[in-house]
Asks: 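Below you'll find the structure I mean.
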Amino acid sequence: MNVLILTGAGISAESGVPTFRGEDGLWEGHRLDEVATPSAFERNPHLVHRFYNERRRSLLSESVQPNAAHIALAEFEAAHHDEFLLVTQNIDDLHYRAGSRNVLSMHGELLKAKCLDSGEVFPWQEDLTMETPHPRDPSQQGRLRPHVVWFGEMPFGLDLISTAAQSADLFVAIGTSAVVYPAAGIVDLTRADCRTVEINLDDTPQSTAFDESIRGKASVEVPKFLRQLTAT
């Protein structure tokens, strides 16, 4: 059984990672065009760096840890012998910390920095500023940006995601609002005979596209669903 998993902000919210987009449309008190677009970074890199520095420090705090849903997915993958791909919209590292291996972070990773000139990506846990020296050439400063996909940029791994969706026997979307494309459209790429399951607190705009909808917390429902799956 080939398995494709998609996770969104809901799975990490239970670990204390705040969702960026609030009900008022603001990202932690900012309009997205202030902190989450390439033009925002060109216009005010200090604000953008400050925004992601705060998120990075929060992610690295001891209080933020993988929850039961992250762990259950990692354990399922370790015992699974067919194809398995975990696609996450989240930019945190909680799936990796839980032990997941075949992870595609389609929106990038907060604990990495990217060179504006070469595109090279570096592991990164410190604050970024316009005075941050380049790891390869300390004489260069301010040439790093967060390794995250901003609005208007192309998510990572779309070809791989499409291939996995078309070969999947089971597709499970967990804790995603289904409003951000292309992630929201993955369910439409699956074959007619693929079993599709949505696990979320509430209905989403894509709920009717799934064969099954499970309502509840990811930390409760994901382990339960995976136990039932392996028992059959």
Side-chain angles (χ1 to χ4, degrees), residues 7-67 70 87-98 100 103-158 175-177 179-184:
T7 64
I11 192 171
S12 293
E14 292 189 60
S15 290
V17 178
T19 56
F20 282 170
R21 190 194 301 269
E23 293 181 1
D24 53 7
L26 296 179
W27 279 37
E28 298 292 298
H30 298 279
R31 300 193 314 272
L32 75 84
D33 61 359
E34 292 179 328
V35 294
T37 66
S39 59
F41 187 70
E42 292 176 9
R43 185 171 58 249
N44 193 342
H46 300 284
L47 173 61
V48 175
H49 276 318
R50 187 166 70 246
F51 178 84
Y52 288 97
N53 288 342
E54 291 172 357
R55 311 281 83 71
R56 191 181 300 106
R57 288 194 295 266
S58 175
L59 177 58
L60 291 169
S61 69
E62 291 187 6
S63 62
V64 175
Q65 300 292 336
N67 63 54
H70 296 104
V87 178
T88 184
Q89 296 172 275
N90 301 330
I91 61 174
D92 61 61
D93 66 335
L94 295 179
H95 284 302
Y96 299 97
R97 279 198 245 168
S100 291
V103 182
L104 197 168
S105 297
M106 67 181 300
H107 291 159
E109 299 176 61
L110 186 56
L111 298 185
K112 292 183 178 179
K114 181 178 180 179
C115 176
L116 291 166
D117 301 313
S118 69
E120 189 174 4
V121 175
F122 305 93
W124 204 269
Q125 295 194 359
E126 307 299 324
D127 283 359
L128 283 171
T129 72
M130 295 308 291
E131 289 73 46
T132 300
H134 194 284
R136 296 267 187 248
D137 182 0
S139 67
Q140 295 187 49
Q141 295 183 342
R143 303 309 299 162
L144 299 178
R145 56 162 279 183
H147 182 52
V148 298
V149 175
W150 287 324
F151 288 91
E153 296 181 326
M154 189 67 69
F156 300 117
L158 293 184
T176 176
S177 62
V179 296
V180 177
Y181 282 81

Asks: side-chain hydrogen bond (donor to acceptor under 3.5 Å, both in side chains) with Thr88: which of Thr176, Asp93, Thr7?
Replies: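 Of the listed options, the one satisfying the test is Thr7.
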Asks: For residues Ser12 and Asn90, report the shortest heavy-atom separation together with the two atoms involved.
Replies: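 That would be OG-ND2, 3.3 Å.
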Asks: Look at the aromatic rings of His49 and Phe41 and report parallel, tilted or perpendicular, splitting at 30° and 60°.
Replies: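 Rings of His49 and Phe41: perpendicular, as their planes differ by over 60°.
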Asks: How long is the straight-line distance from NE2 of His46 back to CD of Glu131, given to the nearest 0.5 Å?
Replies: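 So the gap between those two atoms works out to 6.5 Å.
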Asks: Grab the two heavy atoms, one from Val103 and one from Ser100, that are nearest each other, plus how far apart they are.
Replies: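 Shortest heavy-atom contact: CG2-CB, 3.5 Å.
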Asks: For side-chain contact (heavy atoms from CB on, under 4.5 Å), just list the numbers for Leu110 and Asp92, CA-CA rounded to whole Å, side-chain angles, deciding distance to a tenth of an Å, and then say yes or no.
Replies: CA-CA 6 Å; Leu110 186 56; Asp92 61 61; over 6 Å; no
Asks: Looking at OH of Tyr96 and NE2 of His70, how far apart are the two atoms once the value is rounded to the nearest 0.5 Å?
Replies: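 One gets 11.5 Å once the value is rounded to the nearest 0.5 Å.
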Asks: Report the distance from atom CD of Gln125 to atom CG of Leu111, rounding to the nearest 0.5 Å.
Replies: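 One gets 5.5 Å once the value is rounded to the nearest 0.5 Å.
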Asks: CZ of Arg43 to OG1 of Thr37: how many Å apart, nearest 0.5 Å?
Replies: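 It is 6.0 Å, given to the nearest 0.5 Å.
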Asks: Considering non-hydrogen atoms only, spot the tightest contact between Gly16 and Val64 and give its length.
Replies: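 Answer, listing the atom of Gly16 first, then Val64: O-CG2, 4.2 Å.
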Asks: Within a reach of under 6.0 Å around CD of Glu120, are more than 12 heavy atoms found that belong to other residues, nucleotides or ligands?
Replies: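 Check passes, neighbour count above 12.
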Asks: Does this structure show an ion pair linking Arg57 with Asp127, if we count only N-O contacts that are shorter than 4.0 Å?
Replies: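 The answer is yes: the pair qualifies as a salt bridge.
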Asks: What are the two closest non-hydrogen atoms of Ala183 and Gln89, and how far apart are they?
Replies: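 In terms of heavy atoms, the two residues are closest at CB-NE2, 3.3 Å.
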Asks: Would you please test Glu34 and Asn44 for side-chain contact (heavy atoms from CB on, under 4.5 Å) and show each step?
Replies: CA-CA 8 Å; Glu34 292 179 328; Asn44 193 342; over 6 Å; no
Asks: What I'd like to find out is whether the side chain of Leu158 reaches to under 4.5 Å of the side chain of Met106, using heavy atoms alone.
Replies: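 Yes, at least one pair of side-chain atoms sits under 4.5 Å.
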Asks: Can you name the closest pair of heavy atoms from Trp124 and Pro135 and give their distance?
Replies: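 Trp124 and Pro135 have their closest heavy atoms at CZ3-CG, 3.7 Å.
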Asks: Would you check if Gln140 and Asp117 make a side-chain contact, meaning some heavy-atom pair closer than 4.5 Å?
Replies: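 The answer is yes; the side chains approach within 4.5 Å.
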Asks: Should Phe156 and Val149 be marked as a side-chain contact (heavy atoms from CB on, under 4.5 Å) after you check the CA-CA gap, both sets of side-chain angles, and the distance that decides it?
Replies: CA-CA 8 Å; Phe156 300 117; Val149 175; 3.5 Å; yes
Asks: For Phe122 and His134, take the angle between the two ring planes, folded into 0 to 90°, and tell me which bin it lands in: parallel under 30, tilted 30 to 60, perpendicular over 60.
Replies: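 Phe122 and His134: perpendicular rings.
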Asks: Would you compute the distance between atom CG of Leu116 and atom CZ of Arg145 and round it to the nearest 0.5 angstrom?
Replies: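 Leu116 atom CG to Arg145 atom CZ measures 7.0 Å (nearest 0.5 Å).
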Asks: Out of curiosity, Ser39 OG to Phe151 CZ, how far, rounded to the nearest 0.5 Å?
Replies: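 Rounded to the nearest 0.5 Å, the OG-CZ separation comes out at 12.5 Å.
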Asks: Checking Arg50 now: which residues fulfil side-chain hydrogen bond (donor to acceptor under 3.5 Å, both in side chains) with it, not counting sequence neighbours?
Replies: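 Once residues adjacent in sequence are excluded, Arg50 has no partner under the side-chain hydrogen bond (donor to acceptor under 3.5 Å, both in side chains) criterion.
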Asks: Between the side chains of Lys114 and Glu153, is the shortest nitrogen-to-carboxylate-oxygen separation below 4.0 Å, so that they form an ion pair?
Replies: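 Salt bridge flag = no for Lys114 with Glu153.
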Asks: Looking at every heavy atom in both Pro182 and Pro155, which two are closest together, and how far apart are they?
Replies: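 Looks like CD-CG, 3.7 Å.
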Asks: Would Arg56 and Leu128 satisfy side-chain contact (heavy atoms from CB on, under 4.5 Å), going step by step from the backbone distance to the final call?
Replies: CA-CA 10 Å; Arg56 191 181 300 106; Leu128 283 171; 3.7 Å; yes
